[in-house]
Trainee: 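Next up is a structure, given as structure tokens.
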Amino acid sequence: MNGQRAAQGAVGEGSSGGAPLILLAEMASPVERALLTRWLRDSDLRPSTVLPLDGRVLDQPLSEMPPDTVVTAARVAWLPRERGGERPVRWSDVLLLVNPLRPPPSRQARIARREPDRARVVLAEPATIAALRERWGGTGSFGHFVTRQARLALARAERPLLGYRHKVPRHVVEAIKDSPEFRQEVTTLAARLQVPQPEVMEHASTDLDGLVASMSPIAVDLLSGALRPLHARAWEVKADAAGLERLRVLNRRHALVFLPSHRSYADSLLLADVLAAHDFPRNHVLGGDNLCFWPIGPLAKRAGIVFIRRRFGDDEIYKLALREYLGYLLAKRFNLEWYMEGGRSRTGKLRPPRYGLLTYLAEAVERGRAQDAYLVPVSITYDQLREVSAMAAEQGGAAKKAEGLSWLASYARGQMFRIGTVQVGFAEPLALRDALAPDGDPGDRDAWRLRLQKVAFEVAVRINRVTPATATALVTLALLGVRDRALTLGQVKRVLEPLRAYLVERGLPHSGEALQTETGVSRVLRALAQQHVVTVYAGGDEPVYAIERGQHLVAAFYRNSAIHHFLDRAVAELVLLSEPADRWDEAMRLRDQLKFEFFFPDKLSYRAQLSAELERLDPSWETGDGRRVLERSQLLVASRVLRSFVDAQLVVAERLAARAADHAVVEKEFLDECSGVGQQMLLQGVLHGPESLSRELFSGALKLAANLDLIDPGGEALAQRRRAFAGRLRDVVARVMTIDEIDAASRQEMVGVQP
């Protein structure tokens with residue numbers, strides 16, 4: 001009852017000096033009337049008038065009261081039964097056809113008598129009639145406006161009792177439609193489209209109805225309970241508690257926009273459980289409408305999932321509705337969540353971000369719909385994922401299975417057994433308004449869009465910064481680096497040790513402590529063998545381990561989740577094999593060549609980071625013999641980190657060079673061609689391994705070629721530039737192969753494996 005006493009104190013202060021006090025009482029049953037009457041008799045509250053909380057009867061009484069009249073509201077909050085220190089709504093409640101948050105009158109008397117802790121009177125934060133009229137804006141009935149505001153205030157008063165995960169928006173469509181800003185936007189858009197204003201308003205209202213998640217506390221609890229088996233048995237969750245506490249403090253003043261990495265269908269379920277366990281409000285999760293299938297879709301929409309059309313092209317009215325909805329949620333400090341990659345990563349590393357939703361969010365802040373939003377980069381990292389095999393098959397050209405009820409059932413069956421740990425990390429948040437602040441002409445839209453792109457890339461950089469190199473990632477990095485050769489347990493550990501030592505020296509996040517002993521290494525290898533990623537041959541003197549035939553893309557998925565930590569080292573090694581006078585220029589060329597695969601910081605930061613890495617390799621790197629430096633190094637990673645990417649780029653470059661310059665490039669046909677010729681190049685030993693034969697890697701290489709203007713048909717000049725591009729890739733691949741040879745010789749000394 002502490003919250004009630006605090007509210008009563010506020011009412012007392014607001015009604016000082018003899019100002020009248022109106023209490024709006026919500027009483028839907030005789031039991032609630034009796035409870036409120038008894039509470040009012042026992043409290044210090046002395047209203048001059050008690051009115052029903054009903055907008056239809058409030059207009060006249062409120063109009064007759066002086067402006068300094070204080071208005072508050074009260075009602076009975078019905079709580080679910082306490083279970084294990086929490087009060088969740090369970091499916092058993094639904095099966096009994098009982099809403100524990102609004103029990104039927106026939107049950108209320110019994111609850112009040114036998115479980116009085118479940119019936120609590122809550123008091124809304126007070127406001128004067130003058131303040132309410134100022135917020136009203138003059139649109140619609142004042143009585144209905146006051147009723148809406150009172151119910152919102154009562155919902156806020158209930159949150160400490162139910163938990164902040166039950167913070168839900170109410171009357172959203174009505175509030176947006178009634179706002180003067182939205183009406184002005186509709187009028188402006190109607191004039192620009194040359195469409196009657198009522199028609200634009202009607203379409204926008206329809207779009208809002210389709211977008212707005214009618215979130216309810218019951219649906220939030222039910223959806224969480226229904227979907228928890230999809231992840232609760234599969235992984236042990238380790239969350240960044242310190243990061244969550246920092247976010248909690250920030251969330252008291254600002255809306256948070258969670259932007260996680262996306263590797264699994266379970267990502268949003270895991271994050272929701274982590275946030276609920278720490279009593280954060282439920283996020284509004286923005287997702288594609290392909291997941292809005294029965295029976296999950298209707299329930300999910302009531303639990304905060306905002307289903308957005310996959311494509312809406314030039315539909316300006318839909319864009320307006322979406323922008324206004326996002327602005328409303330931010331203005332009311334409701335948290336958001338979406339996945340900027342646009343889909344699950346098929347390669348294990350972050351995909352390039354898509355800017356659409358971030359653009360609408362930025363426009364909402366820019367237009368004053370919201371004061372600000374803090375972007376929260378989130379890393380969700382799995383030891384293992386059962387869905388990786390399906391994604392690897394898609395990289396080989398298999399069709400993606402459509403989501404639906406049978407798909408969900410199959411996915412659920414695969415999640416019934418423990419396969420490891422998932423780590424959820426939270427990077428330093430980014431204030432959107434500050435990040436978009438102009439340093440030149442504020443009206444320069446091209447500069448604004450460039451700043452927005454930099455914001456998206458900074459989010460990705462921060463996600464990578466807190467993504468740990470898992471033990472699984474390090475083991476697959478080690479085994480893929482020795483090609484298809486098998487290693488004993490002791491040899492695997494010795495190959496791993498320089499990788500782990502590098503992460504420790506750099507202070508980079510990792511779970512390599514599990515690899516300090518042969519027992520720990522053996523545990524990781526057994527887990528990979530159970531998922532058929534690693535094969536074990538035990539018919540000799542001792543077991544030996546290698547990547548299972550046909551599982552290289554799966555192994556590469558795990559490896560790629562960690563390679564961003566070794567990227568500077570890999571680039572530095574390639575730079576050392578270039579001419580001393582050309583090394584900084586080569587560093588920048590490599591940055592441009594790899595920018596569609598990795599997230600680099602700005603050029604100044606990149607130069608500083610790379611310089612530090614080169615200094616670690618050799619203080620006199622600018623003039624020294626690069627090959628000798630590499631031969632002395634205890635750790636070489638370029639061939640392990642970059643080979644599959646530059647190999648895929650080489651395939652694309654060779655196919656472009658072989659193509660007639662005046663022939664158009666059709667993406668699907670060209671990627672099919674790259675897959676076929678790439679397989680031939682692999683069999684001939686030109687490519688390092690099957691992990692290079694990824695349609696997503698070929699697609700990234702094609703984007704690089706498009707960026708270099710090598711795709712559109714042309715003449716002889718285009719043919720020459722394509723040949724030069726292929727020559728450049730041959731040179732880079734040759735240097736990677738040289739590093740691989742040096743590394744193989746080092747491994748021979750370390751573990752006795754022939755190069």
Trainee: Please determine if Arg494 and Glu497 form a salt bridge, counting it only when a charged side-chain N lies under 4.0 Å from a carboxylate O.
Mentor: no
Trainee: Please enumerate all residues that pass salt bridge (Lys or Arg N to Asp or Glu O under 4.0 Å) together with Arg628, with sequence neighbours excluded.
Mentor: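 Once residues adjacent in sequence are excluded, the partners of Arg628 under the salt bridge (Lys or Arg N to Asp or Glu O under 4.0 Å) criterion are Asp625.
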Trainee: Among all residues two or more places apart in sequence or in another chain, which pass the side chain to side chain donor-acceptor pair (under 3.5 Å) test with Tyr558?
Mentor: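 Tyr558: no side chain to side chain donor-acceptor pair (under 3.5 Å) contacts found.
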Trainee: Which value, rounded to the nearest 0.5 Å, describes the distance between Ser644 atom OG and Leu553 atom CG?
Mentor: 9.0 Å
Trainee: Identify, with sequence neighbours excluded, every residue that meets ring-ring contact (aromatic ring centres under 6.0 Å, His included) alongside Tyr355.
Mentor: none
Trainee: What pairs of donor and acceptor atoms, side-chain ones from residues 266-275 against any protein atom, are under 3.5 angstrom apart with sequence neighbours left out?
Mentor:
{"residue": "Asp267", "atom": "OD1", "partner": "Tyr382", "partner atom": "OH", "Å": "2.4"}
{"residue": "Asp267", "atom": "OD2", "partner": "His262", "partner atom": "ND1", "Å": "2.7"}
{"residue": "Asp267", "atom": "OD2", "partner": "Arg263", "partner atom": "N", "Å": "2.8"}
{"residue": "Asp267", "atom": "OD2", "partner": "Ser264", "partner atom": "N", "Å": "3.0"}
{"residue": "Asp273", "atom": "OD1", "partner": "Arg228", "partner atom": "NH2", "Å": "3.2"}
{"residue": "Asp273", "atom": "OD2", "partner": "Arg228", "partner atom": "NE", "Å": "2.9"}
{"residue": "Asp273", "atom": "OD2", "partner": "His231", "partner atom": "NE2", "Å": "3.3"}

Trainee: Name all residues meeting the salt bridge (Lys or Arg N to Asp or Glu O under 4.0 Å) criterion together with Arg591; count only those two or more places apart in sequence or in a different chain, and write none if there are none.
Mentor: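 Salt bridge (Lys or Arg N to Asp or Glu O under 4.0 Å) check on Arg591 returns nothing, list empty.
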Trainee: Does the side chain of Leu357 reach to within under 4.5 Å of the side chain of Tyr339, using non-hydrogen atoms?
Mentor: no
Trainee: Can you tell me how far CG of Leu671 sits from CZ of Phe698, rounded to the nearest 0.5 angstrom?
Mentor: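 If I round to the nearest 0.5 Å, the distance is 8.0 Å.
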Trainee: Please list every donor-acceptor pair under 3.5 Å in which a side-chain atom of residues 509-536 meets a protein atom from a residue at least two apart or in another chain.
Mentor:
{"residue": "His510", "atom": "ND1", "partner": "Gly512", "partner atom": "N", "Å": "2.9"}
{"residue": "Ser511", "atom": "OG", "partner": "Ala471", "partner atom": "N", "Å": "3.1"}
{"residue": "Thr517", "atom": "OG1", "partner": "Gly520", "partner atom": "N", "Å": "3.1"}
{"residue": "Ser522", "atom": "OG", "partner": "Arg526", "partner atom": "NH1", "Å": "2.8"}

Trainee: Hey, can you pull the donor-acceptor pairs under 3.5 Å for the side chains in residues 592-602, sequence neighbours left out?
Mentor:
{"residue": "Gln593", "atom": "OE1", "partner": "Arg728", "partner atom": "NE", "Å": "3.3"}
{"residue": "Gln593", "atom": "OE1", "partner": "Arg728", "partner atom": "NH2", "Å": "3.3"}
{"residue": "Gln593", "atom": "NE2", "partner": "Gln649", "partner atom": "OE1", "Å": "2.9"}
{"residue": "Lys595", "atom": "NZ", "partner": "Asn707", "partner atom": "OD1", "Å": "3.3"}
{"residue": "Glu597", "atom": "OE1", "partner": "Lys349", "partner atom": "NZ", "Å": "3.1"}
{"residue": "Asp602", "atom": "OD1", "partner": "Leu604", "partner atom": "N", "Å": "3.2"}
{"residue": "Asp602", "atom": "OD1", "partner": "Ser605", "partner atom": "N", "Å": "3.0"}
{"residue": "Asp602", "atom": "OD1", "partner": "Ser605", "partner atom": "OG", "Å": "3.3"}
{"residue": "Asp602", "atom": "OD2", "partner": "Ser605", "partner atom": "OG", "Å": "3.0"}

Trainee: Surrounding CZ of Arg589 (heavy atoms of other residues, nucleotides or ligands, distance under 6.0 Å), is the total greater than 12?
Mentor: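 Atom CZ in Arg589 is packed in, count exceeds 12.
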Trainee: Quick one: side chains of residues 459-469, donor-acceptor pairs under 3.5 Å with protein atoms, not counting sequence neighbours, listed by atom name and distance.
Mentor:
{"residue": "Arg462", "atom": "NE", "partner": "Glu458", "partner atom": "OE2", "Å": "2.7"}
{"residue": "Arg462", "atom": "NH1", "partner": "Glu428", "partner atom": "O", "Å": "2.9"}
{"residue": "Arg462", "atom": "NH1", "partner": "Pro429", "partner atom": "O", "Å": "3.1"}
{"residue": "Thr467", "atom": "OG1", "partner": "Ser379", "partner atom": "OG", "Å": "2.9"}
{"residue": "Thr467", "atom": "OG1", "partner": "Ile463", "partner atom": "O", "Å": "2.7"}

Trainee: Using the salt bridge (charged side-chain N to carboxylate O under 4.0 Å, His left out) rule, collect all pairs that involve residues 670-696, keeping only residues at least two apart or in two chains.
Mentor: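 Salt bridge (charged side-chain N to carboxylate O under 4.0 Å, His left out) check on residues 670-696 returns Arg351-Glu696, Arg559-Glu691, Arg655-Glu673, Arg659-Glu673, Lys668-Asp672, Asp672-Arg695.
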Trainee: Kindly write out the residues that satisfy salt bridge (Lys or Arg N to Asp or Glu O under 4.0 Å) with Arg616, not counting sequence neighbours, or none if the list is empty.
Mentor: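 If we apply the salt bridge (Lys or Arg N to Asp or Glu O under 4.0 Å) test to Arg616, skipping adjacent residues, the hits are Glu613.
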Trainee: Going by atom types alone, do Ser633 and Arg569 pair a side-chain donor with an acceptor below 3.5 Å?
Mentor: yes
Trainee: Given Arg735, which of Glu573, Glu741, Glu586 fulfils the salt bridge (Lys or Arg N to Asp or Glu O under 4.0 Å) condition?
Mentor: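 Only one option passes, and that is Glu586.
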Trainee: What residues, two or more places apart in sequence or in another chain, satisfy salt bridge (Lys or Arg N to Asp or Glu O under 4.0 Å) together with Glu631?
Mentor: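 Only Arg627 meet the salt bridge (Lys or Arg N to Asp or Glu O under 4.0 Å) criterion with Glu631.
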Trainee: Which pairs pass salt bridge (charged side-chain N to carboxylate O under 4.0 Å, His left out) with one or both residues in residues 538-551, sequence neighbours excluded?
Mentor: none
Trainee: If you look at every heavy atom in His552 and Leu480, which pair is closest and at what distance?
Mentor: CD2-CD2, 3.9 Å
Trainee: Verify, without hydrogens or angle tests, whether Ser611 (side chain) and Arg607 (backbone) share a donor-acceptor contact under 3.5 angstrom.
Mentor: no
